[in-house]
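Let me begin by presenting the structure, written as structure tokens, before commenting on it.
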Protein chains: 2
Amino acid sequence: MGERPRRARGEQTRQLILETALRLFRERGYTETTMRAVAKEAGVAVGNAYYYFDSKEHLIQGFYDRNQAAHRTTAAPVLEREKDFAARLRGVLHAGIDVNEPYHSFAATFFKTAAEPSSPLSPFSRESSPAREAAIAIFRDVVEGSSAKIDPELRKELPELLWLGWMGVVLFWVYDRSPGQRRTRRLIDGIVPLIDRLVGLSRLRVLRPALRQVLALVDSIRHDD
Amino acid sequence: MGERPRRARGEQTRQLILETALRLFRERGYTETTMRAVAKEAGVAVGNAYYYFDSKEHLIQGFYDRNQAAHRTTAAPVLEREKDFAARLRGVLHAGIDVNEPYHSFAATFFKTAAEPSSPLSPFSRESSPAREAAIAIFRDVVEGSSAKIDPELRKELPELLWLGWMGVVLFWVYDRSPGQRRTRRLIDGIVPLIDRLVGLSRLRVLRPALRQVLALVDSIRHDD
DNA sequence: GACAGCAGTTGAACGTGTTCAAGAAAGGGT
DNA sequence: ACCCTTTCTTGAACACGTTCAACTGCTGTC
């Protein structure tokens, strides 16, 4: 009956282990959840978990993907409704925080593993590439669906720059210990108008050389030649 | 003969362990260096290392302090010689990278522990406060020793903002996999003129409201009220 | 000079993430 | 029916960071 009769068994075990792990992470926290506990709770041997997941960190990838999808869903109504660039950006950023809010303490503890450059969980790693592209796509939507007049050269780079800015906001959020992370909310509300103004200014003739310089810098840094 | 006859012995062991650890970190990398190896190489028992350092991570604090001092020393000649703001800033940033260069691979692995918000090694933690103040002091020197005319309100905040920017550069450097981290060098060379120009513009009447807005944002985010 | 107290030191032991050789289960081909 | 390959599963074993109860040796006190 299943889609892939041959693989059904393995896939089932994989899901079982993943579900169990995420549940325990939520209940006890990441560090406090041992691989032995995951295996025991799932009713398999510890080695079996390592057959499906290269490491404990790799279990978090599932969390990533889930939140990624939730971000898009939560942001959708705003992107549907608003046409103003600032409103769109603001909506998407707040939506991102909304989605992650329940996991703030959990995120703070596992963040250290994601921060390691060589980690597959790093937002810049090759293994996160699909998730990263999906995230950038949201910001491409922010830009392309907006009524703002934007310099064409900037428009091309803007989604990725906004995503980078979003990573900065997330970084701030992880460190934000204020109740309900309201400082992060203030940061968003404060910085969006500034970005909006800058983007608006991008079409001015006078600022063309400066813009070119910035874009050239971004480009020279991105590729290593 | 020593300065503190009573404490001489303990302090000596402490230094020995720290020296050995940092050497092994440099030679083999952080993760690859085991506490057992440090102890053996230093000729002491494992438990002894834990008598002086709460954890393996805490050994990095010594690295922090040392590099902090080295940064100041390396930057001193430039600050002595140059009076131009851009030249001073550029010199200090490159000096910082120079000092950290030998530890790049090591830094990348230990960075994950520093990134955890609750870690005492976090640059924003209370325990790093002295090191942080010392680092900001360098940028205060950059600002105050320069010939640049800077808006007074900005001048007050600029050292901390430059330090924050420096943290950003370090973050980029940690992720920089290009040979000799030349992309980081390019980032510095590219971004310093931009900052210089912005700082120069800060005195313009027209931009006064925008500057005020930015400073207000920074202030409202810093304190949680 | 005996003693108490404390800084300094030891290494076995614990719990952790991870590995691996071995085996079980499930098909597919003949 | 038989084997052979591939997929899946096992749990003991390994190396690591860390802890801790026990021990050593120094130093100031009487």
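Predicted, not measured: the structure shown is a model, and the values here were computed from it. Chain identifiers are assigned alphabetically (A, B, ...) following the order of the sequence lines, protein sequences preceding nucleic acid strands; residue numbering begins at 1 within each chain.
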- Message: Going by the rule side-chain contact (heavy atoms from CB on, under 4.5 Å), which residues pair with A/Leu217 if we only count those two or more places apart in sequence or in a different chain?
- Response: A/Ser220, A/Ile221, B/Ile191, B/Leu194
Protein-nucleotide distance ([X], atom [atom1]; [N], atom [atom2]), rounded to Å:
X	N	atom1	atom2	answer
A/Arg14	D/dT7	CZ	P	15 Å
A/Arg28	C/dT16	CZ	C1'	15 Å
B/Phe53	C/dT9	CZ	P	12 Å

- Item | Per-nucleotide protein contact string for nucleotides 9-23 of chain D, where B marks a base within reach and S marks sugar-phosphate only (heavy atoms under 4.0 Å, - for neither) | BBBBB--BBBBB---
- Item | Residues that A/Phe25 engages under ring-ring contact (aromatic ring centres under 6.0 Å, His included), provided they are two or more places apart | A/Tyr30
- B/His104: ring-ring contact (aromatic ring centres under 6.0 Å, His included) partners, not counting sequence neighbours: B/Trp173
- Residue pairs, two or more places apart or on separate chains, that pass side chain to side chain donor-acceptor pair (under 3.5 Å) and touch residues 85-100 of chain B: B/Asn67-B/Asn100, B/Arg88-B/Asp141, B/Arg90-B/Asp189, B/His94-B/Arg185, B/His94-B/Asp189, B/Asp98-B/Arg185
- Would you mind listing every salt bridge (Lys or Arg N to Asp or Glu O under 4.0 Å) that reaches into residues 69-79 of chain A, with sequence neighbours excluded? none
